[in-house]
Number of protein chains: 2
Amino acid sequence: MDGGVGAKKPGVTSSQVAEHAGVSQSAVSRTFTPGASISSKTRAKVLASAKELGYRPNAIARSLITNRSRIIAVVMAYLENLFYPDVLEELGRRLAAEDYHLLLFTGFMDRDSDPVFDQLMQYRVDGIILASTSLSSDLSEECATAGIPVVLFNRTTQRDAVSSVTTRNRDGGRKIAEFLVAGGHKSFGYIAGLESSSTNRDRFLGFAEGLQAHGFTDIALGKGNYSRLDAEAAARDMLSGPNRPEAIFVANDHMAVAVMDVARHEFGIAVPEQLSIVGYDDVGPARWTSYGITSMSQPLKKMVEATVDILMDQITSGEIEAEHRILSGELVVRTSARLPKTGVVDIDGRKLYRPKDTA
Amino acid sequence: MDGGVGAKKPGVTSSQVAEHAGVSQSAVSRTFTPGASISSKTRAKVLASAKELGYRPNAIARSLITNRSRIIAVVMAYLENLFYPDVLEELGRRLAAEDYHLLLFTGFMDRDSDPVFDQLMQYRVDGIILASTSLSSDLSEECATAGIPVVLFNRTTQRDAVSSVTTRNRDGGRKIAEFLVAGGHKSFGYIAGLESSSTNRDRFLGFAEGLQAHGFTDIALGKGNYSRLDAEAAARDMLSGPNRPEAIFVANDHMAVAVMDVARHEFGIAVPEQLSIVGYDDVGPARWTSYGITSMSQPLKKMVEATVDILMDQITSGEIEAEHRILSGELVVRTSARLPKTGVVDIDGRKLYRPKDTA
DNA sequence: AATTTTCTTGCATACGTATTCAAATCTGGC
DNA sequence: GCCAGATTTGAATACGTATGCAAGAAAATT
């Protein structure tokens, strides 16, 4: 299937437009270069000819000379979790607004992101957004020396030269602990995401801290790996044990929904009467009334905005200094967990957990 | 934010590698061109130097000379419906396997796909996949004259020069009608997708035909526009009326889930005891046990495979002749609709509706 | 060993654009 | 109508690669 000989029509070039308009090729180029020195008269001539011939500047050729592709690579290994499609959609909007384009890498196992990386580099992308995958250390270093900005989305790392955008996952985990303790729960479980992800670690850390502050040190653990199937299995395990926890914090909503399905329909457990479930992300299905998952929200639009901001900054300045933006979410209260006596407030039609004593 | 002067590191060129290896630039090029005439000895030398210098062929420059970008544009206005992220993931896999890359356009209103089109053309993409948006007639024509293959995914059109991949939506609609009639339902409703979409038209057409064959000509109608919010509104309307239908066919699962939520939680209607709901796509949430939507499946992987096949064919042959691939789905039976006495069979753990009398 | 045939190789050129530089044109003030 | 200055213009070049062509090297044939 390679080496095809199909002839694509050559396409109109700036020289052809130039000839048709009776000007030089430079003039055509300048017409389509914002801020270039060109008189309105010749500009008009060129535009007329361009329209007549159906000319469009060749972005490929332009990239070659400017050394700017105006392409941002977005790497998302999987899109199963609706959070990421939402991110993608917003990224599409924001990048388009900046006149950038989105080269998507998806549909591969998390492990083999390295071959993907080769492709990235070949297209001389102007920036890289890593959303549901990581990058081996030498690769991120290679980006740095190549002068390509890299932003981790919803995860972080210690390496310098790699920026990140996250929310206060540790605070979030702690807040969820507070909420569940205030709700009178006495035993707890945690169903984890990918254990290698910083986000998962931080959420658990905060959760454990928050519980410990009230004297609870025992947490039932399950491994969900951010995957629906794994989360289901973990839930079965946790719920069938002799001492089933009264409350489970699931590392994200995508898995929380699965856990709730297992609890209700496989075990006949009433949620929230017999079991409280709290998730993270506040993603679409969490809001659907069948689930109504109480969940820490992540300010998706602001996160995307920050991501694009960082990229644009680094691209225009040429300075690649790691920048870490950390945003805050809210604990959105719905019906999947028993409520505390106080602390739930109504704001703009959303119920949020905002206790007096905590920050 | 434009006109930045940030200096991206130049990057290693083939000439530099050539010099380092003591060969000509041509030799370097041939080393990285599969099937080119090069001795294994010099090839080895080049590869060694390339590795040492960290050389990667510049895809941009290559595109300029070959007139092939190895980029496929994928246009998906919205990703709210999980069906499309799933498609995207599979597309990512398949295109990567063919050594093609995916330039994604998303996050804009369906109407303004025309500015998007300009961008497409500037990058000289080798093919275009239109998944959740259409293209105005003159634009598809322009693609044809430019020699760029276009494939409509999950919708179709009469224009020649534009290929399409769909399933037998009309048959699907008819089968759903048969299923509901066999289930003993006497009154019916339809909640539509975007009225301009061929897919929506065909599904409704088949549904109406199937009902008519059994003497039912009255169908309650609602407009869901493939949007969750609109579907909810349509459901409220349809369910609060004086003669609420016993069975509703919702044009896709994304909306069916919303309709079910409204029925159960806003109206307290028992599904399927008091109301049957059937959807289309067999997408993730339809399978979740809280919903268990009975749904016509679309063979996503085969659809994507066909799409990529068509593109590769047309790219390599240079012949852009419209090709229309039409695949078949199955009616996957779950718990959202009352069952007919006969015709539901168990295959590979899935329950399918396969009545004896129909094809 | 001489000759033909097949492989390799380097040179030169082309792809379509942006940009430098010097020449040409225009502007306004006298 | 003349000159300094500002603006506009075109010629030439560069970006990094692929490829036709002719020459050279190696292999195969006689």
Side-chain angles (χ1 to χ4, degrees), chain A residues 2-5 7-46 49-50 53-70 121-124 126 146, chain B residues 2-5 7-46 49-50 53-70 121-124 126 146:
Chain A
D2 245 333
V5 275
K8 200 156 65 169
K9 306 292 183 307
V12 183
T13 76
S14 59
S15 306
Q16 293 175 25
V17 174
E19 187 179 14
H20 184 276
V23 298
S24 72
Q25 180 267 330
S26 317
V28 178
S29 170
R30 283 191 257 260
T31 299
F32 291 93
T33 305
S37 165
I38 184 113
S39 75
S40 51
K41 203 189 303 182
T42 54
R43 184 186 163 77
K45 270 197 298 185
V46 169
S49 297
L53 300 183
Y55 168 75
R56 285 171 225 275
N58 184 327
I60 300 286
R62 184 197 303 245
S63 297
L64 187 56
I65 185 81
T66 59
N67 203 23
R68 286 261 130 76
S69 61
R70 297 201 85 83
M121 296 299 283
Q122 297 201 2
Y123 276 96
R124 301 298 195 262
D126 290 345
Chain B
D2 243 333
V5 276
K8 200 156 64 168
K9 306 294 181 308
V12 184
T13 76
S14 58
S15 306
Q16 293 174 26
V17 175
E19 188 178 15
H20 184 276
V23 297
S24 73
Q25 180 266 329
S26 319
V28 178
S29 170
R30 285 190 254 262
T31 299
F32 291 94
T33 305
S37 165
I38 183 112
S39 75
S40 51
K41 204 189 302 179
T42 54
R43 183 186 164 78
K45 270 197 298 185
V46 170
S49 296
L53 300 183
Y55 169 74
R56 283 173 226 273
N58 184 329
I60 299 286
R62 183 196 303 244
S63 297
L64 187 56
I65 186 81
T66 60
N67 202 24
R68 285 261 130 77
S69 60
R70 298 201 84 82
M121 296 299 283
Q122 296 200 3
Y123 275 95
R124 301 297 194 263
D126 290 345

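All values below come from the heavy atoms of this structure, side chains included, with hydrogens, waters and symmetry mates left out. Residue numbers begin at 1 in each chain, while the letters A, B, ... track the order of the sequences.
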For A:Thr42 and for B:Ser29, find the nucleotide of DNA chain D with the closest heavy atom, then tell me which residue's nucleotide is more 5'.
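So the residue in question is A:Thr42.
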Classify the nucleic acid contact of A:Ser39 as base, sugar-phosphate or nothing, counting any heavy atom under 4.0 Å across all strands shown.
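It contacts sugar-phosphate atoms only.
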Pick base, sugar-phosphate or nothing for B:Leu64, based on heavy-atom distances below 4.0 Å to the nucleic acid.
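It contacts base atoms.
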Upstream residue (5' side of DNA chain C) when A:Lys41 and B:Val23 are each assigned their closest nucleotide:
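Whichever sits nearer the 5' end wins; that is B:Val23.
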Base of D:dG10 paired with side chain of A:Arg30 (donor-acceptor, under 3.5 Å):
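Looking at the base of D:dG10, it does pair with a donor or acceptor on the side chain of A:Arg30 (distance under 3.5 Å).
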What about A:Gln25: does its side chain form a donor-acceptor pair under 3.5 Å with the base of D:dA11?
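In this structure, the two groups form no donor-acceptor pair.
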Among [options], which is the nearest nucleotide to the side chain of [X]?
X       : options                : value
B:Thr66 : D:dA18, C:dT19, D:dT9  : D:dA18
A:Thr33 : D:dT17, C:dT19, C:dT17 : C:dT19
A:Ser26 : C:dT19, D:dT17, C:dT17 : C:dT19

[X] [atom1] to [N] [atom2]: how many Å, rounded?
X       : N      : atom1 : atom2 : value
A:Ile65 : D:dG16 : CD1   : P     : 9 Å
B:Ile38 : C:dG10 : CD1   : P     : 8 Å
B:Glu19 : C:dT9  : CD    : P     : 19 Å
B:Ile60 : D:dG16 : CD1   : C1'   : 11 Å

Any B:Ser37 side-chain N or O less than 4.0 Å from OP1/OP2 of C:dT8:
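True: B:Ser37 side-chain N/O within range (under 4.0 Å) of C:dT8 OP1/OP2.
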Do any side-chain nitrogens or oxygens of A:Ser24 fall under 4.0 Å of OP1 or OP2 in D:dA11?
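No, no such contact exists.
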Atom OH in B:Tyr55, atom OG1 in B:Thr13: separation rounded to 0.5 Å?
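Output value for this atom pair is 7.5 Å.
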